[in-house]
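The structure appears right after this line, and notes come after that.
The chain is numbered in sequence order, starting from 1. Below, each value reflects all heavy atoms present in this structure, side chains not excepted, and no hydrogens, waters or symmetry copies.
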Amino acid sequence: MKVIVDNKIPYIREAVEQIADEVVYLPGSGFTAGNVRDADALVIRTRTRCNRELLEGSKVKFIATATIGFDHIDVNYCREAGIVWQNCPGCNAGSVEQYLHSVLLLLKHRKGMRLEDTCLGIVGVGHVGSRVERMARSLGLRVLLNDPPRADRGEAGFVDLSVLARECDMITFHTPLNRNGKYDTFHLADAGFFAELQRKPLIINTSRGEVIETLALLDALKTGRISDAVIDTWENEPDINLELLQQIFLGTPHIAGYSADGKSNATQMALEALCRFFHLQADFKIVPPALPPMTYSSDPEEAFLQVYDPTRDSDALKRHPEEFERLRGNYPLRREIVSSAIGGGRETIF
């Protein structure tokens, strides 16, 4: 069995080389029709477009994407060609939760935001949005939820976007990117959306860049219809809007889900799916490396930001936006925090 693997997927080499007879590593943007023609399976990330142009005439039977999203896979063509694919739902939900948690603490400590007086709207309440909801409530925020698919299934507790526009001080997006159908999310936040906002909320996007219309967001920022923004996912990555980047509170290079824990979860799930499809035994366990011990503050919130402060990622991108892909592809080791283990002193908390 021949498998072609995105060479930026971490912690994968030892395990996949036990599974496959031949493994080829390529940059995500370097997959071509020629080099996948004789492959049995692909293990990819978002930078590989799996469509007719890439796959037609190939031996590929299975695709695993080590990501939550799968809008880079042409699912209709795969169905037509008999190619099975699998994403990794929820793999990095803890990492995105950590990112949002840190953002909220930064808003509290650097912007003076009183979290207990703040209403947060969550658009998309799946694996990630549900964890963000629990975290935000634990910090004392009032939370409103918008998830039309879940509401249409008869689940309670969801409100329309118009309610978020009327009542929320912050709105965070955690939807998949759907370009058509009843639950189309392409440019969900467009000029019309921003025109309805009543409380000048801060906008956060860690879902997909195309969920928010960039020029409409920039105009809302300039005209004061929103107070600020935190953007991790962008339209036209890596050629992002530089004016928007320089004007917002935080702008990061699509790394909210890039904790080592999230990455190892994704790698484990992708390879387990590969093994299931080819009826192979998955007798491996992928564990991310530990951080070196350090001295943590006795204040839990300060200690949380010691473990991960997204300002570092934002500052790096604002200094060198042309290095978007390098910053993302060579992301430093980041672990998710076990908050109950922080109490000051020199200790390893993972």
Side-chain angles (χ1 to χ4, degrees), residues 6-10 26-33 35 42 44-54 65-74 87 92 95-96 99 103 172-180 184-191 193-194 202-223 226 228-258 262-263 310-332:
D6 183 314
N7 64 5
K8 293 299 184 182
I9 295 176
L26 294 173
S29 58
F31 285 60
T32 67
N35 58 38
L42 310 179
I44 63 167
R45 299 186 308 150
T46 56
R47 290 299 185 256
T48 303
R49 304 293 302 181
C50 290
N51 51 22
R52 182 184 298 273
E53 181 181 0
L54 178 70
T65 181
T67 60
I68 291 178
F70 53 88
D71 48 282
H72 51 294
I73 297 176
D74 185 337
N87 63 326
N92 62 0
S95 180
V96 180
Y99 181 96
V103 166
T172 182
F173 290 83
H174 300 285
T175 70
L177 177 61
N178 298 321
R179 293 183 178 271
N180 47 57
D184 180 4
T185 60
F186 178 75
H187 285 181
L188 179 64
D190 58 7
F193 169 85
F194 290 111
L202 181 142
I203 300 295
I204 304 170
N205 189 17
T206 58
S207 58
R208 283 291 183 266
E210 294 83 357
V211 169
I212 294 180
E213 185 179 359
T214 300
L215 294 182
L217 174 64
L218 185 58
D219 182 68
L221 189 61
K222 290 179 176 179
T223 56
I226 65 173
D228 213 326
V230 173
I231 304 297
D232 180 62
T233 53
W234 307 74
E235 289 196 281
N236 304 314
E237 293 178 10
D239 300 316
I240 65 175
N241 187 296
L242 301 183
E243 184 181 5
L244 178 63
L245 171 65
Q246 297 302 333
Q247 291 196 26
I248 59 180
F249 178 47
L250 295 172
T252 52
H254 200 156
I255 48 73
Y258 263 36
K263 290 180 177 183
T311 304
R312 297 191 291 265
D313 296 321
S314 180
D315 289 347
L317 183 61
K318 288 183 177 184
R319 285 194 301 269
H320 295 289
E322 76 282 359
E323 296 189 356
F324 188 102
E325 289 289 72
R326 185 191 66 80
L327 293 169
R328 189 170 188 246
N330 298 280
Y331 193 63

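Residues I68 and V96 are not in side-chain contact: their nearest non-hydrogen atoms beyond the backbone lie 4.5 Å or more apart. At least one side-chain heavy atom of Y99 sits less than 4.5 Å from a side-chain heavy atom of I255. Y331 is listed as a side-chain neighbour of D313, based on a closest heavy-atom distance under 4.5 Å. Considering only heavy atoms from C-beta on, K8 stays 4.5 Å or farther from E325 through its side chain. Counting only heavy atoms from C-beta outward, the side chains of I44 and H72 approach each other to under 4.5 Å. For the pair L217 and I231, the minimum side-chain heavy-atom distance is below 4.5 Å. Using a 4.5 Å heavy-atom threshold, the side chains of R208 and H254 count as touching.
Within a 6.0 Å radius of CD in E322, other residues, nucleotides and ligands contribute more than 12 heavy atoms. For CG of N180, the number of neighbouring non-hydrogen atoms (other residues, nucleotides, ligands) closer than 6.0 Å is 12 at most.
In this structure, a donor-acceptor pair under 3.5 Å is absent between the side chains of N87 and T65. Side-chain atoms of T206 and D232 include no donor-acceptor pair closer than 3.5 Å.
For the atom pair CG of D219 and CD of E213, the computed distance is 10.0 Å after rounding to the nearest 0.5 Å.
Without hydrogens or angle criteria, T185 side chain to P176 main chain gives a donor-acceptor distance under 3.5 Å.
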